[in-house]
Every structure is written in structure tokens, then in C-alpha cells.
Chemist: 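To start, I am sharing the structure in question, which I have written as C-alpha cells.
Atoms within each ligand, like the ligands themselves, are counted from 1 in listed order.
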Amino acid sequence: MVNLINSIFRKLTSPSECLRYPFVKRELPEGTRGRIDIEIDKCIFCGACEKRCPANALKVTRDPKSWTLNPYSCIICGYCIEVCPKKCIIAHKEHYSPNV
Ligand code: SF4
Ligand code: SF4
């Protein structure tokens, strides 16, 4: 009984472990894979990322020059980042917004 009272008292007097979302947002840990983005100016439209993508989330064409990502298919595996010869694909910690 004493242990129970001590435990309740400790919980009542210690700081809360919950965040008051949406007023306080959680800091995402390093290495979080949130969403994929591209620096299109560096892209040479070689198509290596499209070939490597296991989810068929990428579509690259040379003529006309276009690079398109389907965020609903992307599983954020990062393979496209690894194969890109120009290192122009980036993974952000933040996730896709519902407006994508
Ligand atoms: S692998 Fe890199 S350079 Fe090639 S098309 Fe994809 S993003 Fe562009
Ligand atoms: S992170 Fe993976 S699933 Fe998403 S576009 Fe790149 S290769 Fe495809």
C-alpha cells in the first residue's frame, strides 16, 4: 500500500512525459526518413533512380526533362539516394504533408 501511495505521489509530482501536441511538436530523431525531395537543377535525367526504385514511385523522362515522385507509393527506402550519380535526391526528416 505504501509503495502504491509513493508511486502515485511520484507520478503526480514529476514532469509529464506527454507533449501538448499541437502546441508542442515532437523533435524528430536524427536519421528519420520522412520524405524524398530533389534538387532538380543538378539532375541529369539518367533514370538510375527510377530503375532502382522497388515501389515504382519514380518516373523520369529525358525528352521532355521531367522527374516525378508519387509520394503515395514511395516507401522511403532511400535506394534512389544511393544510386543517384549527382547526389541530388535528399531525404528530409519531415513527412509528406497531406497537401502533396
Ligand atoms: S539518378 Fe539522380 S541524376 Fe539520375 S534521374 Fe535520378 S535524380 Fe536525376
Ligand atoms: S525512397 Fe525508395 S521507394 Fe521512395 S522513390 Fe526512392 S527508391 Fe523509390
Chemist: Please compare A55, C53, G78 and report which has the shortest non-hydrogen distance to atom 1 (S) of ligand 2.
Modeler: G78

Chemist: Is it the side chain, the backbone, both or neither of I89 that has a heavy atom closer than 4.0 Å to ligand 2?
Modeler: neither

Chemist: Would you mind running through ligand 2 and noting each atom that sits below 4.0 Å from a heavy atom of C74?
Modeler: 1 (S), 3 (S), 4 (Fe), 5 (S)

Chemist: Does F45 have R62 sitting over its ring (NZ/CZ under 6.0 Å from centre, angle to axis within 45°)?
Modeler: no

Chemist: So with a 6.0 Å cut-off around NZ of K93, is the heavy-atom count from everything else above 12?
Modeler: yes

Chemist: Check each atom of ligand 1 against the heavy atoms of F45 and keep those under 4.0 Å away; list them by number with element.
Modeler: 5 (S), 8 (Fe)

Chemist: Hey, is there an N, O or S on C77 sitting under 2.8 Å from atom 2 (Fe) of ligand 2?
Modeler: yes

Chemist: Can you tell me if V83 has a non-hydrogen atom under 4.0 Å from ligand 1?
Modeler: no

Chemist: Does the pair C88 and I40 meet the rule for a side-chain contact (heavy atoms from CB on, under 4.5 Å), with working shown?
Modeler: CA-CA 7 Å; C88 56; I40 199 68; over 6 Å; no

Chemist: Could you tell me, atom by atom, which parts of ligand 1 come under 4.0 Å of a heavy atom of P85?
Modeler: 1 (S)

Chemist: Would you indicate which of C43, C46, C84, G47 comes nearest to atom 2 (Fe) of ligand 1 when only heavy atoms are counted?
Modeler: C84

Chemist: Determine whether the side chain, the backbone, both or neither of L58 has a heavy atom under 4.0 Å from any heavy atom of ligand 2.
Modeler: side chain

Chemist: Got a sec: does the NZ of K11 have more than 12 other heavy atoms crowding it under 6.0 Å?
Modeler: no

Chemist: Within a 6.0 Å radius of atom CD on E94, are there more than 12 heavy atoms belonging to other residues, nucleotides or ligands?
Modeler: yes

Chemist: For I75, counting its heavy atoms only, list the atoms of ligand 2 lying under 4.0 Å from any of them.
Modeler: 3 (S), 4 (Fe)

Chemist: Check R35 with D37, please: is the shortest side-chain N to carboxylate O separation under 4.0 Å?
Modeler: yes

Chemist: If you apply the rule side-chain contact (heavy atoms from CB on, under 4.5 Å), what do you find for C49 with Y79, and how did you get there?
Modeler: CA-CA 8 Å; C49 54; Y79 289 163; over 6 Å; no

Chemist: Of all the atoms in ligand 1, which lie at a distance below 4.0 Å from a heavy atom belonging to I38?
Modeler: 7 (S)

Chemist: With heavy atoms only and a cut-off of under 4.0 Å, state how C88 meets ligand 1: side chain, backbone, both or neither.
Modeler: side chain

Chemist: For ligand 2, which atoms, with element, lie under 4.0 Å from some heavy atom of I36?
Modeler: 1 (S)

